[in-house]
Chemist: 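Have a look at the structure that comes next, please.
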Amino acid sequence: MIDTRRKAIWPLGSTVLVLTALVGGGLLDRTVVGAAVAAGIVVTSCIWSILTMRRIHAAESLALRDPLTGLPNRTLLNERVEQALRRARRTGERFTVVALDLDGFKEINDIRGHRAGDEVLLRLARTLEGVVRESDTVARVGGDEFAVLSLGTRDEDEATVLVGRLRHALRSPIEIDRVSVEIDASMGWALYPGDGATPEELLGRADGQMYATKRDINVETRRGSLDAGIVREFETALERNELVVHYQPILRLSDGSVTGVEALVRRFHPQRGVVSPAEFIPHVERTALIRAVTIFVAADALRTAREIQEHGRHLGVSVNVPYRAIDDPELAAGLEGLLTTSGVSPSDLTLEIVPTGPGAGGELNRDVLARLRALGIRIAIDDFGRASSLAAVRTLPLDQIKIDASFVHGLGRSAADAAVVESLARLGHELGLEVVAEGVETRTCWDLAFELGCDLAQGFYSAAPSTREALLEWLRSGWPAVTQVA
Ligand code: C2E
Ligand code: MG
Ligand code: MG
């Protein structure tokens with residue numbers, strides 16, 4: 001590249017020489033012809049030089065920039081990281097490298113088409129550039145992979161804040177063809193000098209962290225990748241008001257008293273009747289539609305809580321939220337609004353975070369979590385013990401864990417399941433959390449869950465999920481087993 005630049009400069013240099021000679025001569029002779037010839041040569045040479053420089057610049061762009069977004073590609077990013085390293089070794093300055101891999105981009109291509117996909121990438125490129133300083137670098141390093149080099153990072157906290165800002169920015173809805181599209185990303189970062197001394201080490205470290213987050217999404221994907229048809233059909237169901245919410249009681253193991261209810265969504269299909277959430281939630285939770293679903297369920301749940309209060313009882317309500325939606329600022333604002341209008345105390349609302357969803361355990365927006373905390377909303381880990389939920393203990397401010405039904409089912413039959421339930425209950429208590437046993441189907445399970453240290457139980461033994469009306473009736477008539485347990 002440097003050689004070609006030299007080639008472009010020599011005509012300019014020689015022009016200056018010729019110019020000096022000719023103009024000098026022209027002026028000496030005081031002939032107009034001499035000066036005109038000199039000026040002509042100057043102009044031609046300048047144009048030639050400019051065109052050559054432009055050609056070089058275009059060739060350089062092709063080799064070092066992503067043609068769609070115009071962002072630096074991997075080669076240019078590596079060069080910039082090298083430069084940052086040389087500078088940092090001299091000045092002692094720190095810098096951050098962030099690896100960023102979009103979640104659900106393939107789905108945007110599948111559902112909305114490739115043109116929309118390209119548009120999303122273009123807009124994201126500009127959005128990410130808007131977050132960092134001009135001296136920083138945003139690069140596109142793969143189909144749906146970006147990287148950011150941010151100079152002059154003071155400490156780890158500042159790096160985390162940067163990651164949070166990037167994620168917050170890229171999650172803002174993008175309007176394409178009057179449809180709002182949302183995207184998220186798995187991210188990892190590395191800080192120089194702590195995380196590596198070469199570009200390979202730093203980028204490798206950031207990539208490694210990003211892939212650790214991504215793994216959970218791939219586990220989900222292997223279970224069955226997103227079905228665009230199901231998502232589109234679900235959109236229709238939402239528009240037609242076909243969603244219904246059922247409720248399942250949660251009870252105290254020590255005395256059988258009811259402490260709360262979990263809200264569980266279903267679709268009421270005009271032909272097929274009740275459709276289980278297991279059929280659509282795993283697909284819908286990877287799209288922006290999940291916010292509308294969560295708000296719908298939360299609104300219904302708070303209405304139910306209110307109605308129960310009007311019947312003279314006081315119960316909490318639990319609403320399921322996928323891991324990646326818990327730090328969605330718009331969801332938090334929506335919940336705040338619902339709490340205000342319903343008049344239900346925020347401490348009566350528990351958000352159950354399913355820890356195996358996309359990106360479980362990954363970095364979350366601390367501001368949004370702090371806002372939920374400040375409001376007084378409770379947070380539980382759902383299906384605890386399955387897949388990556390242990391990592392979520394680090395990233396979520398928690399009040400409750402719900403031990404996955406698969407372990408509770410084995411109580412009385414499997415010593416291993418009993419050991420898992422007992423140790424998870426102990427872990428929960430050591431973290432100062434309330435412990436729920438999910439899927440308590442028999443009296444034996446109930447008794448063993450209590451003996452092994454669980455506080456609460458939910459399951460078919462006490463009550464299956466039912467409509468709000470059936471729940472109110474169940475609460476009125478009293479649970480038959482209350483007397484047996486008490
Ligand atoms: P989950 O949150 O762990 O909910 C408990 C599931 O276990 C419910 O299934 C419930 O009907 C079932 N269940 C309760 N007691 C027993 C029992 O004793 N034995 C057995 N075998 N199962 C029991 P459901 O309603 O089909 O929901 C399945 C999953 O779908 C939920 O698991 C949750 O992850 C998701 N889901 C349900 N509603 C929503 C929602 O509104 N939003 C989101 N994001 N996810 C939801
Ligand atoms: Mg749940
Ligand atoms: Mg569960």
Chemist: Please check: side-chain N/O of E438 versus main-chain N/O of D383, any donor-acceptor pairing under 3.5 Å?
Modeler: yes

Chemist: With rounding to the nearest 0.5 Å, note down the distance linking CG in L433 to CD1 in I379.
Modeler: 11.5 Å

Chemist: Can you tell me if Q209 uses its side chain to pair, donor with acceptor, with the backbone of W189 under 3.5 Å?
Modeler: yes

Chemist: Quick one: list whatever passes side chain to side chain donor-acceptor pair (under 3.5 Å) with R126, sequence neighbours left out.
Modeler: E129

Chemist: Search all heavy atoms of N320 against all heavy atoms of T294 and return the closest pair with its distance.
Modeler: O-CG2, 4.1 Å

Chemist: Supply the atom-to-atom distance E158 CD to L191 CG, rounded to the nearest 0.5 angstrom.
Modeler: 9.5 Å

Chemist: For the residue pair V317 and A301, what are the closest heavy atoms and their distance?
Modeler: CG1-O, 3.5 Å

Chemist: So does E175 get a backbone contact from the side chain of R123, meaning a donor-acceptor N/O pair under 3.5 Å?
Modeler: yes

Chemist: Quick test of your reading of the model: are R165 and D367 salt-bridged, counting only N-O distances below 4.0 Å?
Modeler: no

Chemist: Please check if the side chain of T350 supplies one atom and the backbone of R378 the other of a donor-acceptor pair under 3.5 Å.
Modeler: no

Chemist: According to salt bridge (Lys or Arg N to Asp or Glu O under 4.0 Å), does anything in residues 187-196 pair up with another residue at least two apart or in another chain? List the pairs.
Modeler: D195-R205

Chemist: Name all pairs fulfilling the salt bridge (Lys or Arg N to Asp or Glu O under 4.0 Å) condition that reach into residues 261-276, sequence neighbours left out, sorted by first residue then second.
Modeler: E233-R267, E242-R267, E262-K402, R272-E279

Chemist: Mark yes or no for whether N73, through its side chain, and L76, through its backbone, hold a donor-acceptor pair below 3.5 Å.
Modeler: yes

Chemist: S186 and D101: side-chain hydrogen bond (donor to acceptor under 3.5 Å, both in side chains), yes or no, with the steps?
Modeler: CA-CA 5 Å; S186 301; D101 189 304; 6.0 Å; no

Chemist: Can S150 and D136 be counted as having a side-chain donor-acceptor contact under 3.5 angstrom?
Modeler: yes

Chemist: Keeping to residues at least two apart or across chains, list the salt bridge (Lys or Arg N to Asp or Glu O under 4.0 Å) pairs with something in residues 336-347.
Modeler: E336-R371

Chemist: Of the non-hydrogen atoms in V435 and G428, which two are nearest, and what is the gap between them?
Modeler: CG2-CA, 4.1 Å

Chemist: Within the distance-only criterion (no hydrogens, no angle test), does the side chain of D300 pair as donor or acceptor with the backbone N or O of V244 below 3.5 angstrom?
Modeler: no

Chemist: Take atom CZ in R133; do more than 12 heavy atoms of anything else shown fall under 6.0 Å from it?
Modeler: yes

Chemist: Please list, chain by chain and in numerical order, all residues satisfying side chain to side chain contact (heavy atoms under 4.5 Å, CB included) with E307, sequence neighbours excluded.
Modeler: E310, H311, R468, L472

Chemist: Is R115 salt-bridged to D118, cutoff N-O under 4.0 Å?
Modeler: no

Chemist: Taking side chain to side chain donor-acceptor pair (under 3.5 Å) as the test, write out the residues that go with T69, two or more places apart.
Modeler: D66

Chemist: If every non-hydrogen atom of I183 is compared with every non-hydrogen atom of D103, which pair is closest and at what distance?
Modeler: CG1-O, 3.5 Å

Chemist: Kindly give the heavy-atom pair with the smallest separation between L331 and A325, and that separation in Å.
Modeler: CD2-O, 3.4 Å

Chemist: On a heavy-atom basis, which atom in A305 and which in L315 lie closest, and how many Å separate them?
Modeler: CB-O, 4.4 Å

Chemist: Keeping the roles fixed (side chain from E201, backbone from A197), state whether a donor-acceptor pair exists under 3.5 Å.
Modeler: yes

Chemist: Take atom CZ of R366 as the centre, draw a 6.0 Å sphere, and report whether it contains more than 12 heavy atoms from other residues, nucleotides or ligands.
Modeler: no

Chemist: Checking R140 side chain against G143 main chain: does a donor-acceptor pair fall under 3.5 Å?
Modeler: yes

Chemist: How many angstroms lie between atom CD of E434 and atom CG of L398, to the nearest 0.5 angstrom?
Modeler: 12.0 Å

